[in-house]
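Structure record follows, encoded as structure tokens.
These numbers were taken from a predicted model, which means no experiment stands behind them.
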Amino acid sequence: MEEDKKIIPRHVSIIMDGNGRWACERGKERVFGHAAGVESVRACTEAAVEEGVKYLSLFAFSEENWGRPEDEVHTLMELMVKAMKEELPTLMKNDVRFVVLGNRGRLSDSLNAMIDDCMQTTASNGRLTLVVFLSYSGKWDILQAAKGLLEELAGHPERKEELLGMDIMEFGKRLVTADIPDPDLIIRTSGECRLSNYMLWQAAYSEFIFTDVLWPDFRKPEFRAALAEYAKRDRRYGKVK
């Protein structure tokens, strides 16, 4: 009997949560958990490649996270630069394209330079697109798209009827995620059951999985278990089958 074809989501997105709690449970500072979480990023990226996922996106740092203690934010940024430097050869080996989305104007020059280098170096890779959301929020994303539309209306009043008549698909092209598909599956670790201002527009018909596993403990088995759960879902998009 022929084995059933696996149902693999095209785009899996993960809200990586629980680093601080993981560290505190071990009597360590919160930054220790962030460092451990890098290993989970590596494991899930490898699993996504192995399973045939085409897009893996990670919510790494929100606009709201800028309100965290300065030392923690600084350490997080250092970790990101270090991880990019160390992971670049592996990304190239595995044919992974690297993309960063968010309000990059708030990032340091050194981090932006490293991001640009990684994005340019991996631009032609095509097995998996790894999207990291930095300094991102769903409300900010929708607002920047709306502001762009207003600026275009002001500069081209003759296009008013055309621009105001745009449909949902056209407006979606003004979001920072214009070049990637909406997530099929969103996973949130650490037992929290909310979006936390993440991809509010794009998640309209995503499937959700909330797990109690803290992010540093979320590795390949947990990733594959989430894919197996997704395969059981019946996606109807508001319609009747």
Side-chain angles (χ1 to χ4, degrees), residues 11-17 19 31 34-35 37-38 40-42 44-45 48 54-92 96-126 128-152 155 171-183 186 188 195-203 215:
H11 179 183
V12 176
S13 191
I14 306 177
I15 301 174
M16 305 179 293
D17 196 15
N19 290 343
V31 294
H34 297 312
V38 173
S40 293
V41 171
R42 182 181 296 114
C44 289
T45 302
K54 293 302 181 184
Y55 293 84
L56 174 65
S57 59
L58 306 171
F59 195 17
F61 194 86
S62 71
E63 285 272 272
E64 293 79 11
N65 287 155
W66 289 108
R68 290 186 175 186
E70 187 176 344
D71 287 349
E72 182 177 350
V73 171
H74 179 71
T75 301
L76 271 170
M77 296 303 166
E78 285 188 335
L79 275 173
M80 289 174 191
V81 172
K82 182 174 181 287
M84 288 177 201
K85 287 180 179 178
E86 293 179 349
E87 294 303 315
L88 187 54
T90 302
L91 294 176
M92 295 302 295
V96 176
R97 179 168 69 108
F98 179 78
V99 175
V100 169
L101 297 177
N103 186 3
R104 288 184 56 188
R106 300 191 68 175
L107 303 179
S108 68
D109 291 343
S110 60
L111 181 53
N112 272 318
M114 180 57 61
I115 289 170
D116 288 338
D117 180 62
C118 288
M119 288 177 62
Q120 291 167 10
T121 302
T122 64
S124 61
N125 293 344
L128 171 75
T129 296
L130 175 62
V131 184
V132 176
F133 285 87
L134 283 180
S135 190
Y136 174 87
S137 81
K139 290 182 178 180
W140 165 83
D141 195 4
I142 295 168
L143 180 60
Q144 64 84 29
K147 285 180 176 179
L149 177 58
L150 287 173
E151 290 175 359
E152 197 166 344
F171 186 79
K173 294 177 183 177
R174 295 171 178 271
L175 301 171
V176 296
T177 53
D179 296 327
I180 66 172
D182 291 345
I186 295 178
R188 180 165 187 153
L195 268 177
S196 294
N197 202 4
Y198 180 55
M199 284 207 279
L200 300 179
W201 178 283
Q202 301 88 336
W215 176 242

Which heavy atom of [X] sits nearest a heavy atom of [Y], and at what distance?
X      : Y      : result
Leu79  : Ala35  : CD1-N, 3.8 Å
Ala60  : Leu134 : CB-CD2, 3.9 Å
Cys44  : Trp215 : SG-CH2, 3.8 Å
Tyr55  : Ile180 : CE2-CG2, 3.9 Å
Asn112 : Leu107 : ND2-O, 3.4 Å
Leu175 : Trp201 : CD1-CD1, 3.4 Å

Would the distance check show the side chain of [X] and the main-chain N or O of [Y] forming a donor-acceptor pair, the cut-off being under 3.5 Å?
X      : Y      : answer
Thr122 : Asn125 : no
Glu87  : Met84  : no
Asp17  : Arg188 : no
Ser137 : Trp140 : yes

Check your understanding: Between Arg106 and Glu63, does at least one N-O distance fall below 4.0 Å, as a salt bridge requires?
Key -> yes
- Message: I'd like to know if Glu78 and Lys82 make a salt bridge, using a cut-off of under 4.0 Å between side-chain N and carboxylate O.
- Response: no
Surrounding CG of Asp179 (heavy atoms of other residues, nucleotides or ligands, distance under 6.0 Å), is the total greater than 12?
no
So, taking the atom named [atom1] in [X] and the one named [atom2] in [Y], what distance separates them when rounded to the nearest 0.5 Å?
X      : Y      : atom1 : atom2 : value
Arg174 : Lys147 : CZ    : NZ    : 15.0 Å
Glu72  : Asn19  : CD    : CG    : 9.0 Å
Ser108 : Met77  : OG    : CE    : 7.5 Å
Arg104 : Tyr136 : CZ    : OH    : 15.5 Å
Thr75  : Met80  : OG1   : CE    : 11.0 Å
Met114 : Asp109 : CE    : CG    : 13.0 Å

task = Would you tell me whether Asp141 and Gln144 have side-chain atoms, one donor and one acceptor, within less than 3.5 Å of each other?
result = yes
Exercise for review: Please report the C-alpha distance between Leu91 and Cys118 in whole Å, then the side-chain angles of each, then the deciding distance to 0.1 Å, and finally whether the side chain to side chain contact (heavy atoms under 4.5 Å, CB included) criterion is met.
Suggested key: CA-CA 9 Å; Leu91 294 176; Cys118 288; 5.7 Å; no
task = Step by step, work out the side chain to side chain contact (heavy atoms under 4.5 Å, CB included) result for Ile186 and Leu195.
result = CA-CA 9 Å; Ile186 295 178; Leu195 268 177; 4.2 Å; yes
Should the pair Tyr198 and Phe133 be assigned to parallel (<30°), tilted (30 to 60°) or perpendicular (>60°) ring geometry?
-> perpendicular
Report task. Applying side chain to side chain contact (heavy atoms under 4.5 Å, CB included), run through Phe59 and Met199 and close with a yes or a no. Result -> CA-CA 9 Å; Phe59 195 17; Met199 284 207 279; over 6 Å; no
Tell me, with the steps shown, if Val96 and Leu56 meet side chain to side chain contact (heavy atoms under 4.5 Å, CB included). CA-CA 10 Å; Val96 176; Leu56 174 65; over 6 Å; no
message: With a 4.5 Å cut-off on side-chain heavy atoms, are Thr121 and Phe98 touching?
response: no
